[in-house]
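Working notes, structure below.
One-based numbering, in listed order, for ligands and for the atoms of each. The analysis underlying the following values was restricted to heavy atoms, covering all of them including side chains, and did not include hydrogens, waters or symmetry mates. Here the structure is a predicted model, which is why all the values come from computation and not from measurement.
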Amino acid sequence: MSKKIIIANWKMNPVSKKEAEKLFVSINKSISNVKNTEVIICPPVIYLNKLKAISYKLKAKLGAQNFFYEESGAYTGEISANMVYELGARYVILGHSERRIMGENSDDVNKKIKASLRESIIPIVCIGEKERDENHNYLSFIREQLEVGFKNISKDVLSKIIIAYEPVWAIGKNATREATPEEFLEMKIFIKKVLSMTFGVKCKIPRVIYGGSVNEKNVVDFIEKGEADGFLIGRASLDVKKFSKIVNMVENIY
Ligand code: PGA
């Protein structure tokens, strides 16, 4: 059985390098016994270098929350895949809904997936509908995100990619509710179906993780009933107690 993967999305937190270091060290201490679970911390890019320097021999690996797909050039304010690699990131969150709301589309995500694979960075590709409707139109929305996002990606690298299903209505402090494990499983099956239609029935499907109000009360059900391969965690990843409880619970499901 492949390892479960837990990704901490710190977003634009914490506010200082000192706090970031403290949080990173405390999390690592609290998960030092973990063997069956991969833990990835995605801090603001400005903290990566410092955390890379202390991450030697620590459990958690580092990821970025974004980058731009070009290798270099006149792109004011942007940072490339290679630049975040140099800072220690081996994973990257792509197409998060908080970026899509600022104008990023699935074409951009497609270019970023290709750039990350080129630089040996594992892409964590976020997909998710803004709302659910009785006619199931949200499924076409997800299909489009997948078809455009994965366009012209070689099927040989598919299994390296991680897909994070994060329904937008379940994310952050304005969430209406979290998804149910049954809704997640239905979506995981749908994702598999769409990708096998594009890449062939024998293709190796990426791991599919859940994100959106993940907490210590819902993780076990998402794995046992929803067959989640792991989680992308926002708020709870900034709380050492909550986050380590989640990681240790997932670790002990085996
Ligand atoms: P949340 O955020 O866990 O705070 O809902 C998840 C995310 O945005 O990745």
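Between Glu251 and Lys35, none of the side-chain N atoms (NZ, or NE/NH1/NH2) sits under 4.0 Å from a carboxylate O, so this pair counts as no salt bridge.
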Legend entry - side chain to side chain donor-acceptor pair (under 3.5 Å) evaluation trace for Glu166 with His96: CA-CA 8 Å; Glu166 293 205 306; His96 191 281; 3.3 Å; yes

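In the vicinity of Asn9, heavy-atom distances shorter than 4.0 Å reach the ligand 1 atoms 9 (O). Each of the atoms 2 (O), 7 (C), 8 (O) of ligand 1 lies under 4.0 Å from some heavy atom of Lys11.
The closest protein non-hydrogen atom to atom 9 (O) of ligand 1 is Glu166 OE2, 2.7 Å. Looking from atom 4 (O) of ligand 1 to the surrounding protein, the closest heavy atom is Arg235 NE, 2.7 Å. The protein heavy atom nearest to atom 3 (O) of ligand 1 is Gly234 N, 2.9 Å.
Just one of Lys59, Arg207, Lys3 meets the salt bridge (Lys or Arg N to Asp or Glu O under 4.0 Å) condition when paired with Glu38; it is Arg207. Checking Lys114, Arg118, Lys111 one by one against Glu71, the salt bridge (Lys or Arg N to Asp or Glu O under 4.0 Å) holds for a single residue, Arg118. The side chain to side chain donor-acceptor pair (under 3.5 Å) test with Ser106 is passed by exactly one of Arg100, Glu147, Gln145: Arg100.
For Ile171, heavy-atom contacts with ligand 1 shorter than 4.0 Å involve the backbone as well as the side chain. Counting heavy atoms under 4.0 Å from ligand 1, residue Lys173 does not touch it at all.
Taking the six-membered ring where tryptophan is involved, the planes of Tyr165 and Phe184 are tilted, since the angle between them lies from 30° to 60°.
Under the 6.0 Å distance and 45° angle rule, Arg90 counts as a cation-pi partner of Tyr85.
Looking at Gly212 next to ligand 1, no N or O pair under 3.5 Å apart turns up.
Under a 4.0 angstrom heavy-atom cut-off, Ala236 registers as lying outside contact with ligand 1. Using a 4.0 Å heavy-atom cutoff, Gly172 is listed among the residues neighbouring ligand 1.
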